[in-house]
Amino acid sequence: MHCVIVGIPEQHGAGRMGCEMGPSALRTAGLVATLTALGHTVEDRGNVTPLTATARTHPNPALKALPEIAAWTAAIADAAYAASAHGMPLFLGGDHALSAGTVSGVARRAAEQGRPLFVLWLDAHPDFHTLDSTASGNLHGVPLAYACGQPGFAGYFPDLANPVDPSRVCTFGLRSVDPAERRALHAAGVLVHDMRAIDEHGLAPLLRAFLERVAAENGLLHVSFDVDFLDPAIAPAVGTTVPGGATFREAHLTMEMLSDCGLVSSLDLVELNPFLDERGRTATLLVDLTASLMGRRIMDRPTPSF
């Protein structure tokens, strides 16, 4: 496969600084060498730069960095659309606000190909707030709602030509959902598999059923992987840690199943904050998980020497 790496050093959507270093940390952790060793070709397009921010005001006084996020979203959407023409894009973040651009960009490409876009949202949070409903004002909490065409973004975010059908979205691993988001997810018809559902039914059956839907509709699959999908015991480098996340084994199983299905067409790696990491362990884990998505199997893992 031809992998197209796009760095997105955007951190205006998060409540803590540091995510802008995420793309560099993933590159330093050996992402390109790992993909190459698996037999893929790799094209690193460097980092996206935002458009010039235009002053915007909104009735919700809690909103933070709205002009900056709108400018980033427009630039990221163009970069995602362009990258998707040449292979499988890997978007290195940056906080989760960047997915407003990546999802809308690859959705445009899917529409041109006449194929439905599905989204697997691996995250402790659904990021399904609107500009009106967010209380924190941190815009890494709105990208999925925007990409699904929820109301309230017109005139503030870039116009959305190809919204994702919410019924083709699966939020997986949730364990921190605000009441407004819970209501919105239900009303929109988003498939929700929180950690209780995963504990009760098992990860594999739930994920397999969703992937079978993607295959049945000949869909493309965008995977948006937030570091806080993982338990903070194994991935501390995120500003929104929530206990009870995916274990090392569950995370690798998820990525191996995604590899097996052959449907993944683009990937976000978001919310890595190297300032909060421990000797690069979270960045290294993300590279290992990406390797599992791109063909490495648990049986292939080398035994480290200490």
Side-chain angles (χ1 to χ4, degrees), residues 96 99 103 118-129 140-141 143-145 147-148 164 166-216 219 221-264 267-272 281-282 285-286 288-294 296-298 301:
H96 222 155
S99 295
V103 177
F118 287 75
V119 176
L120 179 64
W121 199 262
L122 301 171
D123 200 332
H125 312 86
D127 299 336
F128 212 70
H129 272 297
H140 65 174
L144 187 56
C148 288
V164 176
S167 70
R168 294 190 174 113
V169 175
C170 176
T171 54
F172 205 76
L174 301 186
R175 54 197 188 278
S176 180
V177 184
D178 292 338
E181 290 180 296
R182 187 178 296 113
R183 292 190 294 269
L185 289 165
H186 178 75
V190 174
L191 178 61
V192 175
H193 290 319
D194 61 14
M195 286 307 298
R196 171 173 175 168
I198 291 172
D199 289 341
E200 190 170 350
H201 301 287
L203 182 151
L206 297 176
L207 181 56
R208 186 177 297 115
F210 177 67
L211 297 178
E212 287 173 353
R213 283 185 53 207
V214 182
L221 178 59
H222 177 81
V223 176
S224 197
F225 191 108
D226 189 310
V227 173
D228 68 25
F229 169 68
L230 305 167
D231 192 88
I234 62 168
V238 62
T240 51
T241 53
V242 184
T247 66
F248 180 91
R249 287 165 60 183
E250 288 173 328
H252 274 287
L253 174 60
T254 299
M255 300 308 256
E256 289 193 15
M257 289 182 66
L258 290 171
S259 177
D260 291 345
C261 78
L263 300 167
V264 178
L267 172 69
D268 297 330
L269 296 172
V270 304
E271 295 287 350
L272 174 64
R281 63 183 290 207
T282 308
L285 176 56
L286 286 184
D288 284 346
L289 289 169
T290 303
S292 288
L293 174 63
M294 300 303 293
R296 182 191 287 168
R297 293 295 173 262
I298 199 71
R301 291 184 59 81

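Nothing fancy with the numbering, it's 1 onward along the sequence.
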If only side-chain N and O atoms count, and only distance matters, is there a donor-acceptor pair under 3.5 Å linking [Y] with [X]?
X    : Y    : result
H140 : D127 : no
H222 : D268 : yes
H96  : S224 : yes

Return the minimal non-hydrogen interatomic distance between [X] and [Y], and the atom names on each side.
X    : Y    : result
S259 : S292 : CB-O, 3.4 Å
M257 : A204 : CE-O, 3.5 Å
P232 : V242 : CD-O, 3.4 Å
R182 : V177 : NH2-O, 3.3 Å
L230 : R175 : O-NH2, 3.4 Å
S99  : P143 : C-CB, 4.0 Å

Taking [Y]'s backbone N and O only, do any of them form a donor-acceptor pair with [X]'s side chain (distance below 3.5 Å, no angle check)?
X    : Y    : result
D226 : D228 : yes
E250 : T247 : yes
D123 : P126 : no
D231 : A233 : yes

- Which is it for V223 and L293 under the side chain to side chain contact (heavy atoms under 4.5 Å, CB included) test, yes or no, and what are the steps along the way? CA-CA 10 Å; V223 176; L293 174 63; 5.5 Å; no
Euclidean distance, [Y] [atom2] relative to [X] [atom1], rounded to 0.5 Å:
X    : Y    : atom1 : atom2 : answer
R213 : R168 : CZ    : CZ    : 8.0 Å
L211 : L258 : CG    : CG    : 6.0 Å
T254 : I198 : OG1   : CD1   : 7.0 Å
D194 : E200 : CG    : CD    : 9.5 Å
F225 : L122 : CZ    : CG    : 6.0 Å
H193 : L206 : NE2   : CG    : 4.5 Å

- Hey, does F210 have a side-chain heavy atom less than 4.5 Å from the side chain of L221?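 In short, these two side chains touch, coming nearer than 4.5 Å.
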- Looking at side-chain heavy atoms only, is the closest gap between T171 and L120 below 4.5 Å? no
- Query: Residues two or more places apart in sequence or in another chain: which of them pass side chain to side chain contact (heavy atoms under 4.5 Å, CB included) with A145?
  - Reply: F128, Q150, F153
- Item | Partner of L185 under side-chain contact (heavy atoms from CB on, under 4.5 Å), chosen from V190, L191, V169 |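 Single pass found, and it is V190.
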- Query: Can D178 and H129 be said to form a side chain to side chain contact (heavy atoms under 4.5 Å, CB included), step by step?
  - Reply: CA-CA 9 Å; D178 292 338; H129 272 297; 2.7 Å; yes
- Return yes when atom CZ of R281 has more than 12 non-hydrogen atoms of other residues, nucleotides or ligands closer than 6.0 Å, and no otherwise.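 Yes, the 6.0 Å shell around CZ holds more than 12 heavy atoms from other groups.
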- Item | Residues D260 and R297 bridged, charged N to O under 4.0 Å | yes
